Asks: 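Pasting a structure here, questions to come.
These numbers were taken from a predicted model, which means no experiment stands behind them.
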Amino acid sequence: MSAVNRLSVVLPVNSSASRGVMKTPIDELTADGYDLQWGTNTLGHAHFTLCLIPALLEGAKTSPDGKARVVNVSSDAAYGSGINWDTLRDGPERRKLSPLSLYFQSKFGNYVFSCELARRYGDQGIISNALSPGEDMMTQVHILCNSQLWNSLGHIITDLQRNIPRLILTLTLWAGTSPETLEYNGKWFVPWARERMFLGQKNEAELGPNLWNWVEEQRKGHL
């Protein structure tokens, strides 16, 4: 960050990189002992974003629209989880959960952090929104590839499958660069370029301060 003193947009390079890891073996942890999926997908991304806060604030001051934007790529998986604080590091409670459940939790963590970032810095020009790149649609395409429809519609399904990464990137770029999304903060976006109600737990306002404080505590000694 010594070479960059202001930022106007923080976007993931691509949706796969931003989503991190998924369904890793239960024995895999980060070097600091966190659940690998939580440590990579939630804590790691939160830590990186918080390191950029000074540059984002400066970017908002110098941007023509007075805003700096952060796009947090989550997942439809966020709909199926909450946060169990006893499972973020290894222990008996964590090992009761499946790797998929731990992935769901990490994606819900992305959404909660995104909303809390919006609440804390919205009045200083930082816009933070989360999105799902559309795993439900991708799953349906994979099902179609193995269905009887393949015989008659195979070429259409193949074209759709090839275009999924481009369509997902389009959503991310829309969230981070469109004049339309300047009016949104702390929102949830879905394909293709739409704001929708978050369909998971609605307690992000309660969990947000707790997650923020937890992240700040974990960052000590790493700055």
Asks: Would you confirm whether Asn129, through its side chain, and Gly186, through its main-chain N or O, come within 3.5 Å as a donor-acceptor pair?
Replies: yes

Asks: ring-ring contact (aromatic ring centres under 6.0 Å, His included) with Tyr79: which of Tyr111, Phe108, Trp188?
Replies: Trp188

Asks: Can you name the closest pair of heavy atoms from Gln218 and Arg89 and give their distance?
Replies: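 For Gln218 versus Arg89, the nearest heavy atoms are OE1-NH2, 3.9 Å.
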
Asks: Calculate, to the nearest 0.5 Å, the distance between atoms CZ and CH2 belonging to Phe189 and Trp174 respectively.
Replies: 4.5 Å

Asks: Has His47 got a side-chain atom pairing as donor or acceptor with Leu43's backbone, closer than 3.5 angstrom?
Replies: no

Asks: Cluster question for you: counting only ILVMFWY and a side-chain heavy-atom cut-off of under 4.5 Å, with indirect links fine, are Val215 and Leu52 together?
Replies: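 Same cluster.
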
Asks: Within the side chain of Ser132, is there an N or O that forms a donor-acceptor pair under 3.5 Å with the backbone of Val190?
Replies: no

Asks: Could you grab the distance from atom OG1 of Thr40 to atom CG of Asp35, nearest 0.5 Å is fine?
Replies: 8.5 Å

Asks: Are side-chain heavy atoms of Thr62 and Glu58 found at a separation under 4.5 Å?
Replies: yes

Asks: Closest approach of Ser128 and Ser114, non-hydrogen atoms and distance?
Replies: OG-O, 2.9 Å

Asks: Mind checking whether Arg219 and Cys51 have side chains closer than 4.5 Å, heavy atoms only?
Replies: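 They are in side-chain contact.
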
Asks: Which heavy atom in Ile127 sits nearest to a heavy atom in Leu182, and how many Å separate them?
Replies: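 That would be CD1-O, 3.4 Å.
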
Asks: How close do Pro99 and Ile26 get, counting heavy atoms only, and between which atoms?
Replies: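 Taking Pro99 first and Ile26 second, the nearest heavy atoms are CG-N, 4.4 Å.
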
Asks: Minimum heavy-atom separation for Arg120 and Gln124, please, with both atom names.
Replies: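 Nearest pair, atom of Arg120 first, then Gln124: O-NE2, 3.9 Å.
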
Asks: At what distance, to the nearest 0.5 angstrom, does CD of Gln201 lie from CD of Glu206?
Replies: 9.5 Å

Asks: Do Trp214 and Leu88 come close enough that some side-chain heavy atom pair is under 4.5 Å?
Replies: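 Yes. Closest side-chain heavy atoms under 4.5 Å.
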
Asks: Side-chain contact test, heavy atoms from C-beta onward, threshold under 4.5 Å: evaluate it for Leu207 versus Trp85 and give yes or no.
Replies: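 Side-chain contact under 4.5 Å: yes.
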
Asks: I'd like to know if the side chain of Ser63 and the backbone of Gly59 have a donor-acceptor N/O pair within less than 3.5 Å.
Replies: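 Checked: no pair found.
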
Asks: Give a yes or no on whether Tyr103 and Leu29 share a hydrophobic cluster (residues Ile, Leu, Val, Met, Phe, Trp, Tyr; joining criterion: side-chain heavy atoms under 4.5 Å apart).
Replies: no

Asks: Mind checking whether Trp212 and Phe113 have parallel, tilted or perpendicular rings, split at 30° and 60°?
Replies: parallel

Asks: Can a donor-acceptor pair be found, under 3.5 Å and without considering hydrogens, that links the side chain of Ser81 to the backbone of Ala77?
Replies: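 Here the side-chain-to-backbone pair does not exist.
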
Asks: How long is the gap from CG on Asn185 to NZ on Lys67, to the nearest 0.5 Å?
Replies: 7.5 Å

Asks: Determine, using the 4.5 Å side-chain heavy-atom cutoff (strictly less than), whether Val70 and Leu50 are members of one ILVMFWY cluster.
Replies: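 Yes, Val70 connects to Leu50 through the hydrophobic network.
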
Asks: Do the non-hydrogen side-chain atoms of Asn72 and Leu131 ever get within less than 4.5 Å of each other?
Replies: no

Asks: Is the closest side-chain heavy-atom distance between Leu117 and Ile53 below 4.5 Å?
Replies: yes

Asks: Would you tell me whether Thr30 and Asp32 have side-chain atoms, one donor and one acceptor, within less than 3.5 Å of each other?
Replies: no

Asks: Just wondering, do Leu100 and Met22 contact through their side chains at under 4.5 Å, heavy atoms?
Replies: yes

Asks: For the backbone of Tyr184 and the side chain of Thr181, can you confirm whether one donor and one acceptor N or O come within less than 3.5 Å of each other?
Replies: no

Asks: Would you please test Glu180 and Glu195 for side chain to side chain contact (heavy atoms under 4.5 Å, CB included) and show each step?
Replies: CA-CA 11 Å; Glu180 178 183 354; Glu195 186 265 328; over 6 Å; no

Asks: Would you confirm whether Lys187, through its side chain, and Glu183, through its main-chain N or O, come within 3.5 Å as a donor-acceptor pair?
Replies: no

Asks: Which distance, rounded to the nearest 0.5 Å, do you find between the CD1 of Ile83 and the CG of Asn210?
Replies: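 It is 8.5 Å, given to the nearest 0.5 Å.
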
Asks: May I ask you to test the Leu57-Tyr121 pair for a side-chain heavy-atom distance under 4.5 Å?
Replies: yes

Asks: Kindly write out the residues that satisfy side-chain contact (heavy atoms from CB on, under 4.5 Å) with Ala60, not counting sequence neighbours, or none if the list is empty.
Replies: Ala68

Asks: Please answer: with hydrophobic residues joined when any side-chain heavy atoms are less than 4.5 Å apart, are Leu211 and Phe48 in the same cluster?
Replies: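 The answer is yes; both residues are in one hydrophobic cluster.
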
Asks: Ignoring hydrogens, what is the shortest heavy-atom contact between Arg69 and Pro179? Give both atom names and the distance.
Replies: NH2-N, 4.4 Å

Asks: Flag yes if Leu97 and Trp38 sit in one hydrophobic cluster, no otherwise; membership is Ile, Leu, Val, Met, Phe, Trp, Tyr, and two members link when side-chain heavy atoms are under 4.5 Å apart.
Replies: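 Different hydrophobic clusters.
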
Asks: Could you tell me whether Arg95 and Asp27 make a salt bridge, using a distance below 4.0 angstrom between a side-chain N and a carboxylate O?
Replies: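 Salt bridge between Arg95 and Asp27, a charged N being under 4.0 Å from a carboxylate O: yes.
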
Asks: Out of Glu93, Gln105, Arg94, which residue meets the side-chain hydrogen bond (donor to acceptor under 3.5 Å, both in side chains) rule with Thr87?
Replies: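 Going through Glu93, Gln105, Arg94 one by one, the side-chain hydrogen bond (donor to acceptor under 3.5 Å, both in side chains) with Thr87 is satisfied by Gln105 alone.
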
